[in-house]
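Below is one structure, written out as structure tokens; comments come after it.
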Number of protein chains: 2
Amino acid sequence: MSDFKDFIGSDKGPQCPRTYILALTDTLNVVSGKWKLPIIAALLRGVSRFKDLLDSTEKITPRMLSKELKELEMNSIVERKVYNQTPVLIEYRLTKSGKDIANVIDSMIDWGLVHRTQVIKKLPESLS
Amino acid sequence: MSDFKDFIGSDKGPQCPRTYILALTDTLNVVSGKWKLPIIAALLRGVSRFKDLLDSTEKITPRMLSKELKELEMNSIVERKVYNQTPVLIEYRLTKSGKDIANVIDSMIDWGLVHRTQVIKKLPESLS
DNA sequence: ATGTTCAGTATACAAAAATATACTGATATT
DNA sequence: AATATCAGTATATTTTTGTATACTGAACAT
């Protein structure tokens with residue numbers, strides 16, 4: 001298990017390995033932005049076609065969906081499969097990494113839940 | 001432990017509880033953007049003054065540092081303490097939640113490291 | 001032949017995030 | 001009196017990210 005606290009780097013002491021920074025940046029690219037997580041959520045529950053992703057991701061435009069799916073595909077989070085049926089069927093599926101990102105999301109939710117209880121605990125009675 | 005996969009919501013089935021979405025959004029607000037994590041990293045290794053944060057966070061401008069610190073303070077990630085010495089001393093310190101975010105970062109690094117090995121594994125010999 | 005579905009693309013625009021550059025005001029130092 | 005440090009603020013601009021609206025082209029279906 002990596003320990004960020006030991007590796008964030010300082011003038012004297014161990015520097016954060018470059019591989020850690022790259023790994024962290026990769027992850028940020030997958031969870032940042034307005035649409036990546038909603039799309040991944042839909043894919044996790046089995047939605048796989050462009051049209052269905054459009055419908056189940058509220059208010060996203062086809063332009064954004066297309067752009068985000070391309071980025072996710074380039075980053076090996078999503079695989080695009082073309083079935084040469086008629087009409088053509090195109091399926092987007094999460095890769096192993098794509099499914100695994102759920103662990104990161106879980107840890108984000110966990111932090112957020114604890115954080116909220118800690119913030120509320122410190123609130124003056126009158127406000128809570 | 002929360003399990004995002006069970007709660008992302010679908011038309012038929014359990015919906016993702018609103019509190020989970022709020023918790024996730026809180027976390028994203030802390031890790032997203034260009035400067036929050038570099039600043040938190042500096043705070044984690046004990047840097048606490050505006051000037052020192054400016055120097056140890058490469059290329060950030062005072063405007064951005066000021067803005068980010070205000071946001072982190074509003075979100076109870078950072079506490080600002082004013083010591084009425086002369087010259088005035090102002091210290092920024094991580095709260096409990098602020099320190100705990102290191103766990104999320106660890107899980108992000110872990111995912112990123114595994115992801116990279118998985119991507120390389122699938123690369124054709126000629127490229128790796 | 002007209003309309004419908006699927007899987008997008010094209011063009012223009014608006015909003016949000018980040019940068020560049022200069023400045024302030026209080027106190028202390030030389 | 002001039003200079004330096006600390007902790008920022010002010011104004012303008014650029015870059016990045018996201019939105020709006022309309023359109024395309026292939027293959028059926030009526």
Side-chain angles (χ1 to χ4, degrees), chain A residues 11 21 24-43 46-75 77-94, chain B residues 11 21 24-43 46-75 77-94:
Chain A
D11 307 336
I21 299 289
L24 183 54
T25 306
D26 284 355
T27 312
L28 283 170
N29 284 337
V30 176
V31 301
S32 295
K34 186 168 180 182
W35 296 114
K36 298 252 163 57
L37 284 186
I39 292 168
I40 289 171
L43 292 166
V47 181
S48 65
R49 304 179 65 167
F50 193 89
K51 180 76 178 5
D52 296 334
L53 288 166
L54 258 188
D55 293 344
S56 64
T57 310
E58 244 180 315
K59 305 215 173 182
I60 198 173
T61 61
R63 182 182 201 272
M64 287 307 288
L65 181 56
S66 172
K67 187 179 139 281
E68 303 282 307
L69 285 171
K70 269 174 194 155
E71 283 176 34
L72 290 170
E73 199 192 347
M74 281 204 311
N75 290 318
I77 308 304
V78 155
E79 272 179 353
R80 184 178 183 271
K81 287 193 180 173
V82 182
Y83 296 90
N84 257 327
Q85 315 172 351
T86 175
V88 66
L89 168 61
I90 290 169
E91 279 191 345
Y92 294 93
R93 298 210 170 278
L94 290 170
Chain B
D11 307 336
I21 298 288
L24 182 54
T25 306
D26 284 357
T27 312
L28 283 169
N29 284 336
V30 176
V31 301
S32 296
K34 184 166 180 182
W35 296 115
K36 298 251 164 56
L37 286 185
I39 291 168
I40 289 171
L43 291 166
V47 180
S48 66
R49 303 178 67 166
F50 194 88
K51 179 73 178 9
D52 295 334
L53 288 166
L54 258 188
D55 293 344
S56 63
T57 311
E58 244 180 313
K59 304 216 174 179
I60 199 173
T61 60
R63 183 180 201 271
M64 286 307 289
L65 180 56
S66 172
K67 188 180 139 280
E68 302 282 306
L69 284 171
K70 268 175 195 156
E71 284 176 35
L72 291 169
E73 198 190 351
M74 282 204 310
N75 290 318
I77 309 303
V78 154
E79 274 179 353
R80 181 176 185 273
K81 289 194 179 173
V82 181
Y83 296 90
N84 257 329
Q85 315 172 350
T86 172
V88 64
L89 168 60
I90 290 170
E91 279 192 345
Y92 294 93
R93 300 211 169 276
L94 290 169

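A note on names: the letters A, B, ... follow the listed sequences, proteins ahead of strands, and every chain is numbered from 1. Keep in mind the model is a prediction, meaning the values are calculated, not measured.
Between the CG atom of A/D55 and the P atom of C/dG8 there is a distance of 14 Å, rounded to whole Å. Distance B/Y92 OH to D/dC6 P: 14 Å, rounded to the nearest Å. Rounded to whole Å, the distance from CG on B/L69 to C1' on D/dG8 is 11 Å. The NZ-C1' distance, from A/K51 to C/dT4, rounds to 11 Å in whole Å. The CG atom of B/D52 sits 12 Å away from the P atom of D/dG8 (whole-angstrom rounding). Remark: C1' of D/dT9 and CG of B/L65 are 13 Å apart, rounded to the nearest angstrom. We find that OH of A/Y83 is positioned 20 Å from P of D/dA27, with the value rounded to whole Å. Protein atom CG of A/L54 is 9 Å distant from nucleotide atom C1' of C/dG8, rounded to whole Å.
Distances shorter than 4.0 Å separate none of the side-chain N or O atoms of B/R49 from OP1 or OP2 on D/dG8.
When all heavy atoms of B/E68 and B/I39 are compared, the pair lying nearest together is CB-CD1, 3.6 Å. In terms of heavy atoms, A/M64 sits closest to A/W35 at CE-CD1, 3.8 Å.
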Q: Indicate for each nucleotide in nucleotides 17-30 of chain C, in 5' to 3' sequence, whether protein heavy atoms under 4.0 Å reach the base (B), only the sugar-phosphate (S), or nothing (-).
A: -SBB------SS--

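Both A/V88 and A/S66 lie close to DNA chain C; mapped to their nearest nucleotides by heavy-atom distance, the more 5′-ward contact belongs to A/V88.
The backbone N or O of A/L53 sits less than 3.5 Å from a side-chain atom of A/T57, completing a donor-acceptor pair.
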Q: Output, in order, the C-alpha distance, side-chain angles, deciding distance and verdict of side-chain contact (heavy atoms from CB on, under 4.5 Å) for A/R49 and A/L89.
A: CA-CA 8 Å; A/R49 304 179 65 167; A/L89 168 61; 3.1 Å; yes

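Residues A/L28 and B/L37 form a side-chain contact, since some pair of their non-hydrogen atoms from C-beta on lies under 4.5 Å apart.
When the side-chain contact (heavy atoms from CB on, under 4.5 Å) test is applied to A/R80, the partners found at least two apart in sequence or on another chain are A/E73, A/V82, A/I90, A/Y92.
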